[in-house]
Amino acid sequence: MSSYNMDRSHRVVINTAHTRWQPSPAKGVWRKPLEREAAESGQVTSIVRYDANSAFVAHSHPNGEEVYVLSGQFEDEKAVYPAGSYLRKPAGSSHSPKSAEGCVLWVKLNMFQLNDNDFININSHEQAWSSGLVEGLSVKPLHGFGLENTALVQWQAGTKFSRHVHPGGEEIYVVEGVFEDEHGSYPAESWVRNPAYSQHSPFSTQGCIILVKTGHIV
């Protein structure tokens with residue numbers, strides 16, 4: 001597959017529940033591309049599924065790998081990462097990923113900023129929620145470097161946030177529930193990429209948990 005959704009000046013919404021799994025070079029490993037620079041290299045954001053007892057050959061990530069384990073149990077030669085794990089492997093790192101029981105992952109490749117070199121392994125299910133900026137909003141910070149921030153955000157039913165702008169853009173993956181704004185409604189498994197300096201007035205009628213990145217789209 002050639003370049004796909006790489007013009008980040010455009011808003012993109014994909015309900016991944018309605019897209020098909022595509023085979024990867026490894027048997028039993030499947031992908032749903034969200035944005036992709038090239039067929040098997042460059043910058044990539046995708047949802048990845050490992051069938052039970054599947055593995056990917058040892059490989060390196062020239063400019064880092066960022067992973068959130070949505071379900072199941074992800075593994076490599078260094079550790080086992082249960083659902084809720086957030087991982088960052090910096091530029092030049094390598095591993096041999098696999099899964100004995102199977103798993104589904106949110107994955108970003110080759111997008112690390114210069115000097116963002118920390119290995120991170122957080123089990124978000126072991127973190128406590130912190131109060132957000134408005135009542136009904138709770139946050140679990142996962143990573144921050146420069147203007148880039150990644151967090152899990154929980155919206156209680158009926159929570160609304162005032163209209164605001166994202167100078168460095170915003171990327172959202174809906175983990176559970178339904179996220180909303182004036183542009184639409186985004187059920188679980190939806191991916192939304194809002195360009196730099198986009199604005200919206202988000203809310204959630206029924207409540208939701210979203211994985212959010214801001215400050216990385218320029």
Side-chain angles (χ1 to χ4, degrees), residues 13-17 34 45 47-48 64-75 79-89 101 103-108 111-113 116 118-194 198-217:
V13 178
I14 299 174
N15 185 341
T16 68
L34 304 174
T45 303
I47 305 301
V48 178
E65 178 185 48
E66 181 179 18
V67 174
Y68 183 77
V69 183
L70 295 165
S71 64
Q73 190 165 272
F74 183 53
E75 306 167 55
V80 174
Y81 313 103
S85 295
Y86 174 76
L87 316 172
R88 290 182 68 87
K89 298 177 182 293
E101 71 172 48
C103 62
V104 177
L105 316 171
W106 169 91
V107 179
K108 295 182 76 69
M111 299 190 197
F112 279 36
Q113 297 181 62
D116 186 1
D118 289 341
F119 282 89
I120 296 177
N121 175 12
I122 296 172
N123 185 342
S124 67
H125 289 173
E126 296 177 349
Q127 287 181 292
W129 290 102
S130 301
S131 298
L133 295 176
V134 299
E135 185 176 354
L137 211 62
S138 302
V139 180
K140 291 183 179 182
L142 299 173
H143 171 259
F145 187 86
L147 298 177
E148 179 180 334
N149 285 282
T150 306
L152 287 167
V153 182
Q154 183 180 60
W155 296 65
Q156 299 297 330
T159 301
K160 297 180 180 181
F161 202 91
S162 59
R163 186 170 183 82
H164 59 281
V165 60
H166 293 286
E170 179 186 47
E171 180 181 341
I172 294 168
Y173 182 81
V174 184
V175 177
E176 61 181 65
V178 180
F179 180 68
E180 300 165 86
D181 63 15
E182 68 271 34
H183 305 297
S185 178
Y186 318 103
E189 301 183 49
S190 294
W191 181 75
V192 181
R193 190 187 69 199
N194 292 316
S198 57
Q199 302 181 43
H200 67 161
S201 303
F203 61 97
S204 182
T205 303
Q206 74 173 53
C208 64
I209 294 177
I210 58 176
L211 179 64
V212 182
K213 284 184 69 69
T214 58
H216 63 302
I217 300 173

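- S204 approaches W155 most closely through the heavy-atom pair CB-CB, 3.9 Å.
- In the displayed structure, E182 atom CD is contacted under 6.0 Å by more than 12 heavy atoms of other residues, nucleotides or ligands.
- I122 is listed as a side-chain neighbour of Q127, based on a closest heavy-atom distance under 4.5 Å.
- Taking 4.5 Å as the limit, some side-chain heavy atom of L34 sits within range of a side-chain heavy atom of I47.
- Atom OG1 in T214 sits 7.0 Å away from atom NE2 in H166 (nearest 0.5 Å).
- Looking at F179 and P202, their side chains come closer than 4.5 Å, going by heavy atoms from C-beta outward.
- Of all the heavy atoms in F203 and K160, the pair that sits closest is CB-CG, 3.8 Å.
- Between M111 and T45, some side-chain heavy-atom pair lies under the 4.5 Å cut-off.
- Residues K140 and S124 bring no donor and acceptor atom of their side chains to less than 3.5 Å of each other.
- Between atom OG of residue S201 and atom CG of residue D181 there is a gap of 8.0 Å, rounded to the nearest 0.5 Å.
- A distance-only check finds no donor-acceptor pair linking the side chain of D118 to the backbone of I120 [under 3.5 Å].
- Screening R163, E180, E170, H183 against H200 for a side chain to side chain donor-acceptor pair (under 3.5 Å) leaves a single residue, E170.
- Annotation: cation-pi pair R88/F119 absent, no NZ/CZ under 6.0 Å from the ring centroid and within 45° of its normal.
- Separating the CD1 atom in I209 from the OH atom in Y173 is a distance of 13.0 Å, to the nearest 0.5 Å.
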* Trace of the side chain to side chain donor-acceptor pair (under 3.5 Å) decision for E66 with W106 -> CA-CA 8 Å; E66 181 179 18; W106 169 91; over 6 Å; no
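- Distance check: S138 OG to L133 CG gives 11.0 Å after rounding to the nearest 0.5 Å.
- Shown here for V139 and A151, the closest heavy-atom pair between the two residues is CG1-CB, 3.9 Å.
- Atom CG of L87 is separated from atom CZ of F74 by 7.0 Å, given to the nearest 0.5 angstrom.
- Aromatic ring orientation, F145 versus H143: parallel (interplanar angle below 30°, classes split at 30° and 60°).
- Side-chain atoms of K213 and E148, non-hydrogen and from C-beta on, do get closer than 4.5 Å to each other.
- For the pair W191/E171, a side-chain contact is recorded, criterion being any heavy-atom separation below 4.5 Å from C-beta on.
- Counting only distance, with no hydrogens or angles, the side chain of S190 and the backbone of N15 share no donor-acceptor pair below 3.5 Å.
- For the residue pair Q199 and H164, no side-chain donor N or O sits within less than 3.5 Å of a side-chain acceptor on the partner.
- Of all heavy-atom pairs between G177 and V174, the closest is O-CG1, 3.7 Å.
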* side chain to side chain contact (heavy atoms under 4.5 Å, CB included) between I210 and Y186, worked out -> CA-CA 10 Å; I210 58 176; Y186 318 103; over 6 Å; no
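- Expressed to the nearest 0.5 Å, how far OG of S71 lies from CD of E101 amounts to 9.0 Å.
- Within the 4.5 Å cutoff, no side-chain heavy atoms of V178 are placed close to those of T205.
- In plain terms, the two heavy atoms of L152 and W129 that are nearest each other are O-CZ3, 3.5 Å.
- Put simply, the side chain of L142 reaches to within 4.5 Å of the side chain of L211, judged on heavy atoms.
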